Amino acid sequence: MTYEKALAYIASLEPRGWRLGLDRMQEFVRRAGLEDSVGPATGPQFIQVAGTNGKGSTTAFIQSMLVESGYRTGAYYSPYVVDPRERVQYGRDLIAKQELADVVFELQPVVESFSDNDFGGITEFELKTAIGFQYWKQKRCEWVALEVGLGGRLDATTVVTPRACVIVSIGLDHMSILGDTHAKIAGEKAGIIKQGVPIIVGSMPPEAAEVIERIAADLAAPVWKWKREIFWNDDEGCVQTPNGIHRNLRPGIPGAAQKHNLSLAVAAIDASGAYRCDEALSKGAETASIPGRFQQIQYKGRTVLLDGAHNPDAAAVLAKSLDRQFGAQKYRLVTNMLAGHEPHSFYEILRDRVLSVYVVPVDFHRATPVDTMVGNLELLFHTVTGFDSPMAGLDAAVEDAAEGEIVLVTGTFYLVGELLRVLNPNP
């Protein structure tokens, strides 16, 4: 099987959508002979990371610190931004194209065995998750930083028994699936908590934290909470957890939330038993990276800043990051969103920072039509123009930007990824 055929096969499962539930994924793991690869007694040890925002960055910090600690390390990301192979990694490297093809070829008969039974067909996300399990088994990984796809309780990644869990944040996103309150969404994400497994809890509304702590108490899972058991000291660049103080930490990923995310990652390393030395944590924090998080690129003499923010909480963090780094700067905004997100509350946060808006199409089946988004944004901004391609909108924004002005690309990771593949083809 070639890499191109493997991608085509994975994509052929996409029309099945998401199926939130663990029974089929558990059976998939059994039929594929991967029961010894989902922890904790044998195979890799997992640190599982959920949350509305910040889960990708937190996963990247954990991955990098595990690598610097000398472990054979795997990582899993959802969604990818630029290259589909970002989802499954070993060390700091994406899975090789032929390795991906070989793993898909091995798993294909197992996938097809579900075509005629009560479980129903395997979904695209379930296959991608199993690709990780199979690949990390082959690589004899000792630890895996595992990012949840959607929610937690019924997500395919939750077939693992981790050594520690992280819930980075709780915000109002994917409400049609996860619930329409912070408490309901917290209940779904707290589904990753396992009996006796430590849970790291980030900054979130009190009603969300209360739900998580109640579920953790029922499962006798120790809770380490931000600003109660976990502290960041900005002056010294150190993180304090119940296990001690870790010094000389500086986040290599830019953005206003990254000291918080790094602190949770350090706590997860501590609570899981993966800690070896502060030097590994320090180097891992500094060298961590992930695309599409407050990422800056030069294009035609202008700075283009790309960030995958796509809900109000993420917009607030983005606005804070912009203000901290650039002060009262105004921006040329290239944007669109996927259907299912509420645009008004997202763009209202950025409104006073934007000079003009360039709405572009996004190559994804749930993308909002350009004309629809133009109509939505004309209620908030004075100058809104639609374009027939992302590059056409970006070029117009760059042309309009005066010297020193910044072009901001945000609204969905899918748009950020499309433009990064053009602007930075060899990251």
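All residue numbers refer to positions in the sequence shown, counting from 1. Keep in mind that this is a model prediction, so the values were computed, not measured.
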| query | Checking side chain to side chain contact (heavy atoms under 4.5 Å, CB included) for the pair Trp143/Ser272: CA distance, chi angles, key distance, verdict? | reply | CA-CA 10 Å; Trp143 285 87; Ser272 67; 3.7 Å; yes

| Is any side-chain N of the basic residue among Arg421 and Asp83 closer than 4.0 Å to the acidic one's carboxylate O? | no

| task | For the pair Gln98 (side chain) and Met1 (backbone), establish whether a donor and an acceptor sit closer than 3.5 Å, ignoring hydrogens and angles. | result | yes

| query | Do Thr383 side-chain atoms and Ser356 backbone N/O form a donor-acceptor pair below 3.5 Å? | reply | no

| message | I'd like to know if the side chain of Ser169 pairs up with that of Thr52 as donor and acceptor (distance under 3.5 Å, no hydrogens or angles considered). | response | no

| task | Determine, step by step, whether Arg87 and Glu147 satisfy the salt bridge (Lys or Arg N to Asp or Glu O under 4.0 Å) criterion, reporting the C-alpha distance in whole Å, the side-chain angles of both residues, the deciding distance to 0.1 Å, and the verdict. | result | CA-CA 9 Å; Arg87 284 189 179 273; Glu147 181 182 356; over 6 Å; no

| message | Using only atom types and a distance under 3.5 Å, with no angle test, would you say the side chain of Thr287 pairs donor to acceptor with the backbone of Lys283? | response | yes

| Between the main-chain N or O of Gly91 and the side-chain N or O of Lys139, is there a donor-acceptor pair closer than 3.5 Å? | no

| Which atom of Gly171 lies closest to which atom of Asp313, heavy atoms considered | CA-OD2, 3.2 Å

| note | From the list Ile212, Ile170, Ile230, side chain to side chain contact (heavy atoms under 4.5 Å, CB included) partner of Val201 resolves to Ile212

| said: I want to check something: taking the side chain as every heavy atom from C-beta on, are Leu7 and Pro84 in contact at a cut-off of under 4.5 Å? | reply: yes

| task | Search all heavy atoms of Val197 against all heavy atoms of Ala221 and return the closest pair with its distance. | result | O-CB, 3.2 Å

| query | If only atom types and distance count, is the side chain of Asp155 paired as donor or acceptor with the main-chain N or O of Gly149 below 3.5 Å? | reply | yes

| With a 3.5 Å cut-off and no angle check, do the side chains of Glu99 and Tyr135 form a donor-acceptor pair? | yes

| request: Check for a donor-acceptor pair, side chain of Thr412 on one end and backbone N or O of Met337 on the other, with a separation under 3.5 Å. | output: no

| Exercise: do Tyr414 and Asn336 side chains pair donor with acceptor under 3.5 Å | no

| query | Taking all non-hydrogen atoms of both residues, which atom of Ala315 and which atom of Ala309 are closest, and how far apart? | reply | N-CB, 4.2 Å

| Quick one: does Thr73's side chain have a donor or acceptor within less than 3.5 Å of a partner on Tyr71's backbone? | yes

| Atom pair CD (Glu27) and CG (Leu22), whose distance is rounded to the nearest 0.5 Å | 13.0 Å

| query | With distance as the sole criterion, is a donor-acceptor pair present between the side chains of Thr158 and Arg153 under 3.5 Å? | reply | no

| said: Is there a side-chain contact between Leu338 and Thr368 in this structure, where contact means two heavy atoms from C-beta onward sitting under 4.5 Å apart? | reply: no

| Glu68 and Gln63: side-chain donor and acceptor closer than 3.5 Å? | no

| task | Report yes if the distance between the aromatic ring centroids of Trp226 and His260 is under 6.0 Å, otherwise no. | result | yes

| said: For the residue pair Gln258 / Ser57, report whether a side-chain donor-acceptor contact shorter than 3.5 Å exists. | reply: yes

| said: If you count every heavy atom of other residues, nucleotides or ligands that lies below 6.0 Å from Glu399 atom CD, does the total exceed 12? | reply: no

| task | Answer yes or no: is there a side-chain heavy-atom contact under 4.5 Å between Phe125 and Thr157? | result | yes

| field | Flag for Asp23-Gln26: side-chain donor and acceptor within less than 3.5 Å | value | no

| Between Trp136 and Pro44, what is the shortest heavy-atom contact and its length? | CB-CG, 4.3 Å

| Test salt bridge (Lys or Arg N to Asp or Glu O under 4.0 Å) applied to Asp218 and Arg214, step by step | CA-CA 6 Å; Asp218 290 343; Arg214 184 171 66 248; 5.6 Å; no

| task | May I ask you to test the Glu378-Val357 pair for a side-chain heavy-atom distance under 4.5 Å? | result | no

| Candidate list Ile200, Val166, Ile199, test side chain to side chain contact (heavy atoms under 4.5 Å, CB included), partner Trp224, passing option | Ile200

| CA sep, side-chain torsions, deciding dist, call: Phe387, Val334, side chain to side chain contact (heavy atoms under 4.5 Å, CB included) | CA-CA 10 Å; Phe387 293 85; Val334 180; over 6 Å; no

| message | Can you give me the closest heavy-atom contact between Val88 and Lys128, atom names plus distance? | response | CG2-O, 4.1 Å

| side chain to side chain contact (heavy atoms under 4.5 Å, CB included) assessment of Asp388 paired with Val360 | CA-CA 6 Å; Asp388 60 6; Val360 299; over 6 Å; no

| field | Short side-chain donor-acceptor distance under 3.5 Å, Asp93 and Gln89 | value | no

| query | Taking Arg293 for the side chain and Pro291 for the main chain, is one N or O donor matched with an acceptor at less than 3.5 Å? | reply | yes

| field | Short side-chain donor-acceptor distance under 3.5 Å, Asn376 and Tyr347 | value | no

| request: Indicate whether the side chain of Tyr76 and that of Ser78 have a donor and an acceptor atom separated by less than 3.5 Å. | output: no

| request: Indicate yes or no: does Glu405 engage Arg302 in a salt bridge with an N to O separation below 4.0 Å. | output: no

| query | Do the side-chain N and O atoms of Asp270 and His246 include a donor-acceptor pair separated by under 3.5 angstrom? | reply | yes

| message | Quick test of your reading of the model: are Lys300 and Asp395 salt-bridged, counting only N-O distances below 4.0 Å? | response | yes

| Side chains of Ser345 and Glu342: donor-acceptor distance under 3.5 Å anywhere? | yes

| message | Once rounded to the nearest 0.5 Å, what's the spacing between atom CG of Leu306 and atom CD of Gln295? | response | 6.0 Å

| query | Are there more than 12 heavy atoms of other residues, nucleotides or ligands under 6.0 Å from atom CZ of Phe231? | reply | yes

| task | Would you check, one step at a time, whether the test side chain to side chain contact (heavy atoms under 4.5 Å, CB included) holds for Phe294 with Leu322? | result | CA-CA 9 Å; Phe294 211 70; Leu322 292 171; 3.7 Å; yes

| What's the shortest heavy-atom distance between Glu86 and Tyr77, and which atoms? | O-CD1, 3.5 Å

| request: Would you give the length of the straight line joining atom CD1 of Ile192 to atom OG1 of Thr161, rounded to the nearest 0.5 angstrom? | output: 12.0 Å

| Gap between atom CD of Glu210 and atom NE2 of His182 - 0.5 Å precision | 13.0 Å

| query | Under 3.5 Å, is there a donor-acceptor pair between the side chain of Thr335 and the main chain of Thr410? | reply | yes

| said: For Asn233, is the CG atom crowded, meaning more than 12 foreign heavy atoms sit under 6.0 Å from it? | reply: yes

| query | Hey, what do you get for CD1 (Ile62) to CG (Leu281), rounding to the nearest 0.5 Å? | reply | 11.0 Å

| query | Does a sphere of radius 6.0 Å around NE2 in His382 hold more than 12 heavy atoms from other residues, nucleotides or ligands, not counting ones at 6.0 Å or beyond? | reply | no

| Is the side chain of Arg163 donor-acceptor paired with the backbone N or O of Gln48 at a distance under 3.5 Å, no angle test? | no

| query | Between atom CG of Leu305 and atom CG of Leu333, what is the distance when rounded to the nearest 0.5 Å? | reply | 11.5 Å

| field | Side-chain donor-acceptor pair present, Thr123, Arg24, cut-off under 3.5 Å | value | no

| Is Glu286 salt-bridged to Arg250, going by a charged N under 4.0 Å from an acidic O? | no

